[in-house]
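Note sheet for the following structure.
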Amino acid sequence: MNDITFYIVGILVIIVGVILLKRFVGCAIRIIVTLILMAILAFAYYYYKTMS
């Protein structure tokens with residue numbers, strides 16, 4: 001992935017996560033979804049850094 005693709009994917013994940021958190025989930029599920037999103041972003045960052 002090049003730089004632009006990496007940042008676009010990161011921004012889309014954050015936007016979708018915020019929309020889901022505000023509209024559809026309760027407190028306990030909000031924590032789980034936030035942790036999953038953080039894990040996805042951490043994996044993408046780690047994958048990007050090891051590939052470059």
*Results of side chain to side chain contact (heavy atoms under 4.5 Å, CB included) for V16 - residues two or more places apart only*: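 L20.
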_List the residues meeting side chain to side chain contact (heavy atoms under 4.5 Å, CB included) with I40, not counting sequence neighbours, and say none if there are none._
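I36.
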*asked:* Checking one residue: I31. Which other hydrophobic residues are in its cluster under the side-chain 4.5 Å linking rule?
replied: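 Traced through the cluster, I31 reaches L35.
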*asked:* Show, in sequence, the C-alpha distance, side-chain angles and deciding distance for L37 and V13, and conclude whether the side chain to side chain contact (heavy atoms under 4.5 Å, CB included) test is met.
replied: CA-CA 7 Å; L37 290 174; V13 167; 3.6 Å; yes
*Working to the nearest 0.5 Å, report the span between CZ of F6 and CG of L41.*
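Nearest 0.5 Å value for the CZ-CG distance: 7.5 Å.
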